[in-house]
J.: 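Quick one: this structure, given as structure tokens, is what I'll be asking you about.
The model shown is predicted, which means the values in this text are computed figures rather than measured ones. Numbered from 1 within each chain, the chains take letters A, B, ... in sequence-line order.
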Amino acid sequence: MNLEQEIIYSIQEAFKSLFAQDIELKQIALQPTRKEFEGTFTFVVFPFLKITKLKPEDSGNKIGSYLKENCDPVTDFNVVKGFVNITVSESSWLDIFKKLYSNPSFGQLPPNGKKVMVEYSSPNTNKPLHLGHLRNNFLGYAVTGILKANGYEVIKANLVNDRGIHICKSMVAYKHFGKGETPESAGIKGDHLAGKYYVIFDKAYKRQINELLENGQTEEEAKKNAPLILEAQEMLRNWEAGDAEVVKLWKTMNAWVYEGFDATYKKMGVDFDQFYYESDTYLLGKNIVEEGLKKGVFYKKENGSVWVDLSDEGLDEKLILRADGTSVYITQDMGTCDLKYHDFKIDKSVYVVGNEQDYHFDVLFKIMRKLGRPYGEGLYHLSYGMVDLPTGKMKSRDGTVVDADDLIQEMIATAESHTKELGKIDGFTTEQAEELYEILGLGALKYFLLKVDPKKRMLFNPQESIEFQGNTGPFIQYSHARIASILRKAGQIGVDYSKQSFENLSQLENTERDLIVLLNDFEKKIILAGEEYAPSVIAQYMFDVAKEYNRFYAELPIFNETNKEIQAFRVALSALTAKTIQEGMQLLGIKVPDRM
RNA sequence: GGUCCUGUAGCUCAACUGGAUAGAGCAACUGCCUUCUAAGCAGUAGGUUUCAGGUUCGAGUCCUGACAGGAUCACCA
């Protein structure tokens, strides 16, 4: 039983003994005491006044006295209005510290026997990854880390959108204007090469539309009749028919793109256990349509199209299958949903997809639940907002995108110039320095994108957004490097801190206690972040830990402390903090350096 | 028009799910490197939580209604 639970249990006992009332444990909640008051935990009595039938102050005093007498760790209390501020003994904090410090599975909850799949990234193969994908990938990867720490078995999945009219556009343009160019001959990454032809297509297409407009067609007609779009559509039909030449070009260009993506993923530090390709899955789901009709969940209209009525759930009727019997987007998503379950017998399935698809996933999940899928309640759409630029929304066709590769490169370069400016790479080899720049640049970028609530749309200003001071990745990384330096020195001068029991320590400094209280929250934060699928919870916590440590670092001496036991304790506390930071940042996919 | 999301300091974000005097960072200003890394620490200043009602011991948080920004509502994906 941990400290909080012990106190809560005692409060329950207090009500039993003082007021002869049984209160459920979950009704009792402790909150952290505000800094300006004495104490660590606060119990709010207002909700229980009906039971105590006393004034708030009197209720608080009675409960406080009971705790002081009957709950071992509680040494004191004070009551302000209806708030009982509880003070916990120094020895309890030391016990907690020792427990955390000696816990081999610190930051990892025991396996819960459940399997979850997290689908993220899900790129199109006609263009390179951009800023929006970065938010997606970092979010997805961080969520997999958090769920693992919560004891789940996690499968990282990537559903690649490798077919459709947009792919054919790049292919058509390449056929006309490519002249046999390859990534090698052009000297650019494969995904960028495909993206180049996607842009070329769009420019040529617009030219053709303008010509048709001049010839008197309406805009709608022109868009439909431009030769290039007709060609792309025909190519899509040929692709679906398995036309050898089209398929060959498709395979060639996709291979280029995948090679490019691999490089970008590697740079980003994300990976996957399972790839799904829409070219394999786009025909799935028709069997589910049959099943739904049989179960009466779907119904057929006169023209043969199939629908589901979700009006009892507050939504509309949605089309499931076209009159001509072909699939729509949701048909294949239903199929993929089942496929994932079939492949891995997952309990939960998380989709990291932008909030423009909120409605789509609402519909999809409601359908799967209506069909009585065993994983139905485990479906979750991790929806996130757009990343906007100061110039407005990003549009790949206009070229107003921040390319992922470029941005990462820029971040690393910025980290390099910062580091050099501060003159902090004495004694680094070139490789070590390069590695550090990468860790810092990516750390800054990831932290920037992860510290914010995913639901919120965010503004990214390339010049101003990424800082290296304050609430940033490098600040936390810096705190870790500081501690690493302490630990190195402790090793050099032979401070034995790892096996001490600190038996003679009786008094803790405020900052020491505050730090222990905070480190003790790690598990709680992991659980919360897991329940909410919220890396921002961890990010915020990491900042708090780093900040608290830096205060400790500035206020209290370590190697100048003459009492050897206190000295060893402070080193050990530093080590635990470093471990917390390292584990926590790892959940976010951010590396921490030992020197910077 | 319907539905959903967002609105908190000049800017970027918190607020432990209804608790105390709404907290951090950036930007501005003041101190602190002859003790362990100043990418740091301490401090000053900055707020009618978009607005108007309501619910109650208590509302940034819940309800109603405005206002603003965004997304979505295709036999597109």
J.: Let's see if you can work this out: which of B:rG40, B:rA24, B:rC75 has an atom nearest to the side-chain heavy atoms of A:Arg322?
T.: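 Of the candidates, B:rC75 comes closest.
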J.: Please name the nucleotide paired to B:rG58 by Watson-Crick or G-U wobble geometry with both distances under 3.5 Å, or report none.
T.: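 Result: none.
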J.: Identify which nucleotide among B:rA77, B:rU21, B:rC36 has an atom closest to any side-chain atom of A:Gln332, counting heavy atoms from C-beta outward.
T.: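 In terms of side-chain proximity for A:Gln332, the closest of B:rA77, B:rU21, B:rC36 is B:rA77.
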J.: Indicate, with a heavy-atom threshold strictly under 4.0 Å, whether A:Glu532 touches base, sugar-phosphate, or nothing.
T.: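 Base: the residue A:Glu532, judged by heavy atoms under 4.0 Å, touches a nucleobase.
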J.: Taking 4.0 Å as the cut-off, does a side-chain nitrogen or oxygen of A:Ser305 come that near to OP1 or OP2 on B:rC75?
T.: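 Result: no.
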J.: Short question: side chain of A:Asp453, backbone of A:Ser536 - any donor-acceptor pair under 3.5 Å?
T.: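 Such a contact is absent between A:Asp453 side chain and A:Ser536 backbone.
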J.: Quick one: label A:Pro32 by what it contacts on the DNA or RNA (base, sugar-phosphate, nothing), any heavy atom closer than 4.0 Å.
T.: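 If one applies the 4.0 Å heavy-atom cut-off, A:Pro32 turns out to touch a base.
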J.: Syn or anti for B:rU17, with syn set at within 90° of 0?
T.: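 This nucleotide is in syn.
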J.: What nucleotide among B:rU17, B:rA77, B:rG19 has an atom nearest to a side-chain atom of A:Gln31?
T.: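 Closest nucleotide to the A:Gln31 side chain: B:rG19.
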J.: Check for me: is A:Phe475 stacked on B:rA39 by the 5.5 Å centroid and 30° plane-angle rule?
T.: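 No, A:Phe475 does not stack on the base of B:rA39, since the centre distance and plane angle fail the 5.5 Å and 30° test.
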J.: Once you apply a heavy-atom cut-off of 4.0 Å, does A:Asn355 come out as touching a base, just sugar-phosphate, or nothing?
T.: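 Sugar-phosphate contact only.
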J.: Salt-bridge test for A:Lys286 and A:Glu290: reply yes if a basic N is under 4.0 Å from a carboxylate O, no otherwise.
T.: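 Salt bridge absent between A:Lys286 and A:Glu290.
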J.: Would you list the protein and nucleotides 55-62 of chain B atom pairs, both N or O, that sit under 3.5 Å from each other?
T.:
none

J.: Indicate, with a heavy-atom threshold strictly under 4.0 Å, whether A:Thr42 touches base, sugar-phosphate, or nothing.
T.: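 Since a base atom lies under 4.0 Å of A:Thr42, the category is base.
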J.: Ring centres within less than 5.5 Å and planes less than 30° apart: is that true of A:Phe83 and B:rA20 in this structure?
T.: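 Yes.
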J.: Quick one: does A:Thr331's side chain have a donor or acceptor within less than 3.5 Å of a partner on A:Ile320's backbone?
T.: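 Confirmed, A:Thr331 side chain pairs with A:Ile320 backbone.
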J.: Contact class for A:Asp324 (heavy atom, under 4.0 Å): base, sugar-phosphate, or nothing?
T.: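 Nothing, no heavy atom under 4.0 Å.
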J.: Using a cut-off of 4.0 Å on non-hydrogen atoms, how would the nucleic acid contact of A:Thr419 be classed: base, sugar-phosphate, or nothing?
T.: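 Base, at least one base heavy atom under 4.0 Å.
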J.: Inspect the surroundings of CD in A:Glu220 and state if more than 12 heavy atoms from other residues, nucleotides or ligands are less than 6.0 Å away.
T.: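 No.
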J.: Taking the side chain as every heavy atom from C-beta outward, state whether A:Val84 and A:Ile86 have any pair of such atoms under 4.5 Å apart.
T.: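 Yes. Closest side-chain heavy atoms under 4.5 Å.
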J.: Taking 4.0 Å as the cut-off, does a side-chain nitrogen or oxygen of A:Lys81 come that near to OP1 or OP2 on B:rU21?
T.: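 For A:Lys81, the contact criterion (side-chain N or O under 4.0 Å from OP1 or OP2 of B:rU21) is met.
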J.: Could you work out the separation of B:rA59 and B:rU37 based on their P atoms and round it to a whole Å?
T.: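 My reading of the P atoms in B:rA59 and B:rU37 gives 49 Å.
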J.: Rounded to whole Å, please give me the gap between CG in A:Asn461 and P in B:rG25.
T.: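 After rounding, the reported distance stands at 22 Å.
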J.: Working note: A:His381 + A:Phe365, criterion ring-ring contact (aromatic ring centres under 6.0 Å, His included); need CA distance, chi angles, decisive distance, verdict.
T.: CA-CA 9 Å; A:His381 174 206; A:Phe365 295 168; 7.0 Å; no
J.: When you check the gap from the basic side-chain N to the acidic O, do A:Glu438 and A:Lys591 get nearer than 4.0 Å?
T.: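 Between A:Lys591 and A:Glu438 there is no salt bridge, as every charged N stays at least 4.0 Å from the carboxylate O atoms.
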J.: A:Asp594 near the nucleic acid: base, sugar-phosphate alone, or nothing, with a heavy-atom cut-off under 4.0 Å?
T.: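 Since a base atom lies under 4.0 Å of A:Asp594, the category is base.
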J.: Checking A:Trp250 side chain against A:Asp162 main chain: does a donor-acceptor pair fall under 3.5 Å?
T.: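 Between the backbone of A:Asp162 and the side chain of A:Trp250 there is a qualifying donor-acceptor contact (under 3.5 Å).
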J.: With a 3.5 Å cut-off and just heavy-atom distances, do the side chain of A:Thr472 and the base of B:rA39 make a donor-acceptor pair?
T.: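 Donor-acceptor pair under 3.5 Å: no.
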J.: Can you give me the N/O atom pairs linking the protein to nucleotides 8-14 of chain B at distances under 3.5 Å, or say none if there are none?
T.:
unit_1, atom_1, unit_2, atom_2, d
B:rA14, OP1, A:Asp453, N, 2.8
B:rA14, OP2, A:Lys456, NZ, 2.5

J.: Remember a base hit wins even if backbone is also touched, and classify A:Leu556 as base, sugar-phosphate or nothing at under 4.0 Å, heavy atoms.
T.: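 Answer is base: heavy atoms of A:Leu556 come under 4.0 Å of a base.
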J.: Rounded to whole Å, please give me the gap between CD in A:Gln469 and C1' in B:rA39.
T.: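 In whole Å, B:rA39 C1' lies 6 Å from A:Gln469 CD.
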J.: Syn or anti for B:rC33, with syn set at within 90° of 0?
T.: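 Syn, which is what one calls it when the glycosidic angle falls within 90° of 0.
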J.: When you measure from the side chain of A:Glu561 to the backbone N and O of A:Asn563, does any donor-acceptor pair fall under 3.5 Å?
T.: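 Yes.
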J.: Can you tell me how far P in B:rG53 sits from the matching atom in B:rU12, rounded to whole Å?
T.: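 Rounded to whole Å, the distance is 28 Å.
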J.: Find the distance A:Glu38:CD to B:rA20:C1' and express it as a whole number of Å.
T.: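 That distance rounds to 16 Å.
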J.: What contact category does A:Asn126 fall into here, base, sugar-phosphate, or nothing, at under 4.0 angstrom with non-hydrogen atoms?
T.: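 It contacts nothing in the nucleic acid.
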J.: For A:His418, give me all partners under side-chain hydrogen bond (donor to acceptor under 3.5 Å, both in side chains), at least two apart in sequence or on another chain.
T.: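 None.
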J.: Does a nitrogen or oxygen in the side chain of A:Arg488 sit under 4.0 Å from OP1 or OP2 of B:rC36?
T.: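 For B:rC36, neither OP1 nor OP2 has a side-chain N or O of A:Arg488 closer than 4.0 Å.
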J.: Sub-3.5 Å donor-acceptor pair from the side chain of A:Asn550 to the main-chain atoms of A:Ala546, do we have one?
T.: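 Checked: pair present.
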J.: I want to confirm an ordering. Mapping A:Ala481 and A:Leu315 to their closest nucleotides on RNA chain B, which one lands closer to the 5' end?
T.: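 Of the two residues, A:Leu315 wins.
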J.: Quick check: any donor-acceptor pair below 3.5 Å linking the side-chain of A:Asn550 to the base of B:rA38?
T.: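 Flag unset: no donor-acceptor pair detected.
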J.: Using a cut-off of 4.0 Å on non-hydrogen atoms, how would the nucleic acid contact of A:Leu440 be classed: base, sugar-phosphate, or nothing?
T.: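 Touches a base.
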J.: So does A:Asp362 pair up with A:Lys366, basic N to acidic O under 4.0 Å?
T.: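 Looking at A:Asp362 and A:Lys366, the cut-off is met.
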J.: Nearest to the A:Tyr478 side chain among B:rA20, B:rC36, B:rU37, which nucleotide is it?
T.: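 Out of B:rA20, B:rC36, B:rU37, the nucleotide with an atom closest to A:Tyr478's side chain is B:rU37.
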J.: Of the nucleotides B:rU37, B:rA24, B:rA77, which one has an atom closest to the side chain of A:Lys547?
T.: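 The nucleotide sitting nearest to the side chain is B:rA24.
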J.: Which part of the nucleic acid does A:Glu278 contact within heavy-atom distance under 4.0 Å: base, sugar-phosphate only, or nothing?
T.: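 Here A:Glu278 touches the backbone only, sparing every base.
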J.: Side-chain N or O of A:Tyr359 less than 4.0 angstrom from OP1 or OP2 on B:rU72?
T.: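 So the side chain of A:Tyr359 is outside the cut-off, no N or O lying under 4.0 Å from OP1 or OP2 of B:rU72.
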J.: Quote, to the nearest angstrom, the P distance that separates B:rC11 from B:rA27.
T.: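 Here B:rC11 and B:rA27 have their P atoms 16 Å from each other.
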J.: Taking only the C1' atom of each, what is the distance from B:rC5 to B:rG31 in whole angstrom?
T.: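 Pairwise C1' distance, B:rC5 against B:rG31, rounds to 45 Å.
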J.: Base, sugar-phosphate alone, or nothing: which one does A:Asp521 contact when heavy atoms must sit under 4.0 Å apart?
T.: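 Nothing, no nucleic acid heavy atom in range.
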J.: Using a heavy-atom cut-off of 4.0 Å across all strands, would you classify A:Val328 as base, sugar-phosphate, or nothing?
T.: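 If one applies the 4.0 Å heavy-atom cut-off, A:Val328 turns out to touch the sugar-phosphate alone, with no base involved.
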J.: B:rA39, B:rC41, B:rC36: which one has an atom nearest the side-chain heavy atoms of A:Ala554?
T.: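 Among B:rA39, B:rC41, B:rC36, the one nearest the side chain of A:Ala554 is B:rC41.
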J.: Salt bridge or not between A:Arg551 and A:Glu548? Use side-chain N to carboxylate O under 4.0 Å.
T.: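 Between A:Glu548 and A:Arg551 there is a salt bridge, with a charged N closer than 4.0 Å to a carboxylate O.
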J.: Write down the distance separating the C1' atoms in B:rA20 and B:rA15, rounded off to the nearest Å.
T.: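 Their C1' atoms lie roughly 14 Å apart.
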J.: Identify which nucleotide among B:rU17, B:rC5, B:rA20 has an atom closest to any side-chain atom of A:Lys455, counting heavy atoms from C-beta outward.
T.: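 Per side-chain heavy atoms of A:Lys455, the pick is B:rC5.
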J.: If you assign each of A:Lys424 and A:Val537 to its closest nucleotide in RNA chain B, which residue comes earlier from the 5' end?
T.: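 So the residue in question is A:Val537.
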